[in-house]
Amino acid sequence: MKTVAIMSALEDAQRRKMPSFEVPIHGTTLPFALMEVPQPEFDESAPENAQQVLVRMEAFSCNYRDAGILFMSYGALRSLKKPGFMHFGSDFVGIVEAVGSEVTAVKPGQRVMPDSSYPQDREPVAGDGIPTNKAGRGWLVLPESKLCPVPDDLDPVEAAALGINAQTAASMLRRTGVKAGFRLLITAGKSNTSLCVAGLAAALGAECTVLSTSPWSEEELDAVGHPTIVPVDKSSKPFSNEPLESLATRNESYDAIIDPFFDLYFMRVMPYLAHGGTYATCGFKNQHPAQSSTSEHGTQIPASYLYEVLGSVLVGNKSIVGNCIGLRNDLEAALEAVAVGKFHPVIDSVYSPDQAEEFLRRSFGAEPRFGKVVMDMRGGLHE
């Protein structure tokens, strides 16, 4: 199967006569190459494979976290004394090719996607969280408890775009108690997690307000239930407490706030959380030094700002929730919303392995981008 991998150096790929290219990601140029990965041997009767499943990838996509993983992989490769490569990607859909002797949840020929439950809530426990950071390898051997069957009528490209974002979004909506009529504020409106939050919240009947640094078209609004868009300045510094004038002029409070990047928005949105409301966050912008500017390195919340915000939390009986992915039921809730036509993942674009350079540039650099960028590994160029 044709795959794309990050290399220790472009020259290593060229010496191996592999198609290669470089892509700038957050200001750092990284080398990549196309390579063939054969089907691995898988002994179905081997004791070590008793609960394992061999999966052939049909499509995969990257998340914000994958950029940081690419930088760490590149650093590890550069430290080696010989040429090397690593695959990447954390969301996927694939076909089960073979199963171990004790596998009962899935069968050969069935389509599956990752269950990234954290903490894992199914037996046998095979490890919390995301099952792989190498979905783009083409072939994976994974525990059956970290796989979720995909409905037959769900398009593989859509399935590859759901995964972590949808499971995380559904978890935060559950934990903040969002329901019909709830006033929900969502930050970082065009991040993939926020798009899933908006779409799933609309399916629940919530009244969504979205902070966004860029304008939205009617088509984009329709894709996630037509939320109210509130423009914000793109130059926000980490842990800034500068007032959000666009929110202040609305004179509204929100029953819940869902924020994918607490280092950008936490200080600025808490004044708009209603009495008894819940703020939930699932991540931060500066996950790797390469993803932040020099002036942002080591940035911390000033103690006086934090004291003021936490004081308002106490007086207002507010809750702050940290959220890492979600449970199996959250993923199943998102899949059910898709099945009944109330929610669909937003797809920005689809590429083949032969379009790997465009796939990477679009995944990690292109703006404006709206939705997930997916690599379809089944062959054929995509327009």
Notebook entry, point to check: Which residues satisfy the salt bridge (Lys or Arg N to Asp or Glu O under 4.0 Å) test with Glu11, sequence neighbours excluded?
Noted result: none
Side chains of [X] and [Y], heavy atoms from C-beta outward: is any pair under 4.5 Å?
X      : Y      : answer
Ile130 : Ile164 : yes
Ser101 : Ser45  : no
Val232 : Ser246 : yes
Glu219 : Asp222 : no
Pro24  : Arg361 : yes

Heavy-atom pair with the smallest gap, counting every atom of [X] and [Y]:
X      : Y      : answer
Pro345 : Val338 : CD-CG2, 4.4 Å
Ile258 : Leu184 : CG1-CD1, 3.9 Å
Cys62  : Gly89  : SG-CA, 4.3 Å
Pro156 : Ala59  : O-CB, 4.4 Å
Leu200 : Ala166 : CD1-O, 4.0 Å
Gly189 : Ser194 : O-CB, 3.7 Å

Kindly check if the number of other-residue, nucleotide or ligand heavy atoms within 6.0 Å of [atom1] ([X]) is above 12?
X      : atom1 : answer
Lys134 : NZ    : no
Glu22  : CD    : yes
Asn251 : CG    : no
Asn317 : CG    : yes
Glu48  : CD    : yes
Phe262 : CZ    : yes
Glu36  : CD    : yes

Notebook entry, point to check: Given the rule in the side-chain contact (heavy atoms from CB on, under 4.5 Å) test, do Phe364 and Leu70 qualify, once you have shown the distances and angles that lead to the verdict?
Noted result: CA-CA 11 Å; Phe364 298 114; Leu70 280 172; 3.7 Å; yes
Between [X] and [Y], does any side-chain donor sit less than 3.5 Å from a side-chain acceptor?
X      : Y      : result
Ser90  : Asp66  : yes
Glu252 : Tyr254 : yes
Ser117 : Asp115 : yes
Tyr279 : Asp259 : yes
Arg65  : Asn133 : yes
Asn241 : Arg268 : no
Gln120 : Ser145 : yes
Ser171 : Asn323 : yes

Next item on the list: Before accepting this row, confirm whether a basic side-chain N of the pair Glu220/Lys190 lies closer than 4.0 Å to the acidic partner's carboxylate O.
Entry: yes
Checklist line | Electrostatic pair Asp255:Arg183 at N-O distance under 4.0 angstrom | finding: yes
Main-chain N/O of [Y] paired to [X] side chain as donor or acceptor, under 3.5 Å:
X      : Y      : value
Ser61  : Ala160 : yes
Glu97  : Gly109 : no
Asp330 : Leu327 : yes
Lys342 : Gly199 : no
Arg175 : Gly322 : yes
Gln110 : Lys107 : yes
Gln51  : Gly100 : no
Thr168 : Asn165 : no
Arg56  : Ile95  : no

Margin query: Using salt bridge (Lys or Arg N to Asp or Glu O under 4.0 Å), reason through Lys372 and Asp348 one step at a time and then give a plain yes or no.
Written below: CA-CA 5 Å; Lys372 290 299 287 286; Asp348 175 271; over 6 Å; no
Next item on the list: Would you please test Leu211 and Tyr265 for side-chain contact (heavy atoms from CB on, under 4.5 Å) and show each step?
Entry: CA-CA 10 Å; Leu211 299 183; Tyr265 291 102; 4.2 Å; yes
Notebook entry, point to check: When you look at Met1 and Met377, which way does the side-chain contact (heavy atoms from CB on, under 4.5 Å) test go after all the steps?
Noted result: CA-CA 8 Å; Met1 182 182 298; Met377 304 179 77; 3.7 Å; yes
Working to the nearest 0.5 Å, report the span between [atom1] of [X] and [atom2] of [Y].
X      : Y      : atom1 : atom2 : answer
Met270 : Ile320 : CE    : CD1   : 4.5 Å
Thr3   : Leu34  : OG1   : CG    : 7.5 Å
Cys282 : Phe261 : SG    : CZ    : 7.5 Å
Ser20  : Met35  : OG    : CE    : 12.0 Å
Glu358 : Phe21  : CD    : CZ    : 8.0 Å
Glu158 : Met113 : CD    : CE    : 10.5 Å

Check: Only one of Ile186, Thr193, Thr278 clears side chain to side chain contact (heavy atoms under 4.5 Å, CB included) with Met172; which?
Finding: Thr193
Would a single hydrophobic cluster contain both [Y] and [X], if residues Ile, Leu, Val, Met, Phe, Trp and Tyr are joined by side-chain heavy-atom contacts under 4.5 Å?
X      : Y      : value
Val315 : Leu310 : no
Val309 : Phe284 : yes
Tyr74  : Val4   : yes
Val106 : Leu140 : yes

Next item on the list: Compute the centroid of each ring, for Phe42 and then for Trp139, and state whether the two points are separated by less than 6.0 Å.
Entry: no
Next item on the list: Show the numbers, then the answer: is there a side-chain contact (heavy atoms from CB on, under 4.5 Å) between Glu58 and Phe92?
Entry: CA-CA 8 Å; Glu58 287 191 300; Phe92 67 84; over 6 Å; no
Next item on the list: Measure up the Trp216 and Phe370 rings against each other and bin them: parallel (under 30°), tilted (30 to 60°), perpendicular (over 60°).
Entry: perpendicular
Next item on the list: Return the orientation label for the Phe60 and Phe88 ring planes: parallel under 30°, perpendicular over 60°, tilted otherwise.
Entry: perpendicular
